[in-house]
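The structure appears right after this line, and notes come after that.
Quick note on labels: first sequence line is chain A, next is B, and so on, each numbered from 1.
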2 protein chains.
Amino acid sequence: MDTARRRRAPRQAEAERNDRELLRAAREVLAEDGAHASVAAIAARAGVGIGSLYRRYRTKEELFQRLAELSLDQWTDTLEQAAACDDPWEALTAFITASLEADRGSLAPIAGAVEVTPAMWEKHRRADRQLAGLVERATAAGVLRPDVTATDIWVLLEQLTAAPMIEQLRRQGRTDLLPAAVEARQRTIAIVLDGLRPPGSPLPGGPPAETLFTGRWADDRHR
Amino acid sequence: MDTARRRRAPRQAEAERNDRELLRAAREVLAEDGAHASVAAIAARAGVGIGSLYRRYRTKEELFQRLAELSLDQWTDTLEQAAACDDPWEALTAFITASLEADRGSLAPIAGAVEVTPAMWEKHRRADRQLAGLVERATAAGVLRPDVTATDIWVLLEQLTAAPMIEQLRRQGRTDLLPAAVEARQRTIAIVLDGLRPPGSPLPGGPPAETLFTGRWADDRHR
DNA sequence: TCCATTGCGGAGCGATTCGCTCCGCTATAG
DNA sequence: CTATAGCGGAGCGAATCGCTCCGCAATGGA
């Protein structure tokens, strides 16, 4: 028993390192190539053979699901850190800017392409509740325009996480223009944040339905 | 001469109709499938054989270039209509909302994938000048936060034209959720427009370089 | 020193999808 | 009935995909 465990030790260290590299590479390739990201590209970027990838994950989907779970954990971490902020407005903006800087939305192409695991559902619901708390606090303090809901923030985030210009420049290898593009994006974000402050003109329509998000991941029409 | 023209008439009418259908179908398929849009899908949507497509356009790229030129013409039209507005702020917002409603950005995936024709350059420069005029007018009237440039508006538009949520819902056939998604997007746009009003907190960094746009379409590093 | 075991890299398979060619066909005009 | 302009789409060669499978290197106990 004890010998069996010790026998597996040395190679296991390499295997764990490979796994970390794979997850990192998968995030990067997914951000650059979008939904077309191929397992070959991921393995190559990780400096690992395709065989090793498939020993760890039985399918490409399983790798993506693991990636999504880790990303959802990061959402929760970011939300917790932001909630620690004393100022309600800074708490909200800290969450938004932090979410956009770590381009966690880069694995948005996964949504709808892989089946949602129970763990993903659970983590998603948790992040949802956390953001709702942040929004409630800001609204109560009067630092957020009163007709903005948590779902509005999700929509806004999804809209802003995509950085089409930066992605295109990176694909074309125009690294000379990248800093300018990043700066321009920050200006855009600043404009949007100002748009969230009160009072603002009344927003059109009613508050967006919460099913707008969950609905895309699983068919809940029968409910 | 006269007989020759009359001889070709009946079939030519069908050919022209096919061309219109092809362009319309190409726009739709491009909006739904993104960069992967295949000629087969375009021809099928147009109710036309692949052969007819290739009789009119020698390559897929040629079709996309024609599409881009037509789209650039629409930019100019929208800008002219907006410029006719008396109120400087309404002129600018009219342009922005009109640009976003006609999801002209749906053929953004073309950018960088096809070679830029001289005609495309010319039309692009023209639209650029037109928007600069709109922004100048709004700034002079004090209805636009003073540190926003025309390039900022282009960046903002590119960021907002992508409607990832709506596209995903459409792909999944969740037409029941589509109206809610469209409404949510309009709320986002309203928030952004409010963020463009003065005074607003000072925007980070300096004004974005104009080369941010032209640079992605052609390599101008040698200048 | 030798062998069993573990994990590795990547050639290559079958399937799919792509842009595009080419040909048989129909509809019209004389 | 013949000539012809224009049509639709089968199918080709190429590329790319997810994934399997196998030969090999490194390790550690006997």
Side-chain angles (χ1 to χ4, degrees), chain A residues 1-23 25-26 29-30 32-67 107 109-110 113-115 171, chain B residues 1-23 25-26 29-30 32-67 107 109-110 113-115 171:
Chain A
M1 198 61 19
D2 193 305
T3 53
R5 199 180 305 139
R6 283 193 53 204
R7 260 232 228 109
R8 296 164 60 198
R11 294 302 199 118
Q12 247 181 1
E14 187 182 2
E16 279 177 25
R17 204 185 60 90
N18 281 346
D19 189 31
R20 273 197 308 275
E21 286 300 308
L22 273 175
L23 289 170
V29 173
L30 213 56
E32 287 183 23
D33 298 356
H36 334 312
S38 71
V39 288
I42 293 173
R45 163 94 56 150
V48 152
I50 299 178
S52 298
L53 190 157
Y54 274 96
R55 205 168 307 105
R56 184 91 175 123
Y57 302 96
R58 280 175 304 182
T59 66
K60 184 189 186 182
E61 182 172 31
E62 202 172 291
L63 167 62
F64 283 175
Q65 285 171 335
R66 182 87 195 103
L67 215 57
L107 35 89
I110 288 185
V114 305
E115 201 175 352
R171 260 196 306 272
Chain B
M1 195 66 12
D2 194 303
T3 53
R5 201 180 303 140
R6 284 193 52 203
R7 257 229 230 110
R8 297 166 61 200
R11 294 303 201 119
Q12 246 180 2
E14 186 181 3
E16 279 177 24
R17 204 185 59 91
N18 281 347
D19 189 31
R20 271 197 309 274
E21 287 299 309
L22 273 175
L23 289 170
V29 174
L30 214 56
E32 286 183 22
D33 297 357
H36 336 312
S38 71
V39 288
I42 293 173
R45 162 95 57 150
V48 153
I50 299 178
S52 299
L53 189 158
Y54 274 96
R55 204 168 309 106
R56 183 92 173 119
Y57 303 96
R58 281 175 303 183
T59 66
K60 182 189 186 183
E61 182 173 33
E62 202 172 293
L63 167 63
F64 282 175
Q65 284 171 335
R66 182 86 194 104
L67 215 58
L107 35 88
I110 287 185
V114 305
E115 202 175 352
R171 260 196 306 273

- prompt: So does A:S52 get a side-chain nitrogen or oxygen closer than 4.0 Å to the phosphate oxygens (OP1/OP2) of C:dG9?
  reply: yes
Comparing A:R55 with A:I50, nearest DNA chain D nucleotide closer to 5' gives the residue A:I50
From the candidates D:dG8, C:dG19, D:dG18, the one with an atom nearest any side-chain atom of B:Y54 is C:dG19
task = Would you classify A:A37 as touching base, sugar-phosphate or nothing, given that sugar-phosphate means primed atoms plus P, OP1 and OP2, and contacts are heavy atoms under 4.0 Å?
result = sugar-phosphate
Quick note, B:V48 side chain, CB onward, closest among D:dC19, D:dG8, C:dC18 is D:dG8
Please determine whether a side-chain nitrogen or oxygen atom of A:N18 lies at a distance below 4.0 Å from atom OP1 or OP2 of C:dG7. no
(request) Start with the C-alpha gap between B:R45 and B:E32, add the side-chain angles, then the distance that decides, and say whether side chain to side chain contact (heavy atoms under 4.5 Å, CB included) holds. (result) CA-CA 12 Å; B:R45 162 95 57 150; B:E32 286 183 22; 3.2 Å; yes
Separation of D:dC19 atom C1' from A:E62 atom CD, nearest Å, is 14 Å
In whole angstroms, the gap separating C1' of D:dC7 from CD of B:E21 amounts to 16 Å
Whole-Å distance, B:H36 NE2 to D:dC17 P, equals 12 Å
Whole-Å distance, B:R56 CZ to D:dG8 C1', equals 18 Å
Rounded to whole Å, the CD-C1' distance (B:E16 to D:dA5) equals 15 Å
Between A:I42 and A:L22 the two heavy atoms that sit nearest each other are CG2-O, 4.0 Å
Just by distance, do the side chain of A:E61 and the backbone of A:E115 share a donor-acceptor pair under 3.5 Å?
yes
Closest non-hydrogen contact found for A:L63 with A:A26 is CD2-CB, 4.3 Å
Between B:T59 and A:G51, whichever has its closest DNA chain C nucleotide further toward 5' is A:G51
Rounded to the nearest 0.5 Å, the CG atom of B:L53 sits from the CD atom of B:E62 at a distance of 10.5 Å
Whole-Å distance, A:I42 CD1 to D:dC17 P, equals 11 Å
note: B:R45, atom CZ; D:dG9, atom P; distance rounded to Å ~ 17 Å
Atom NZ of B:K60 and atom P of C:dC20 are separated, to the nearest Å, by 8 Å
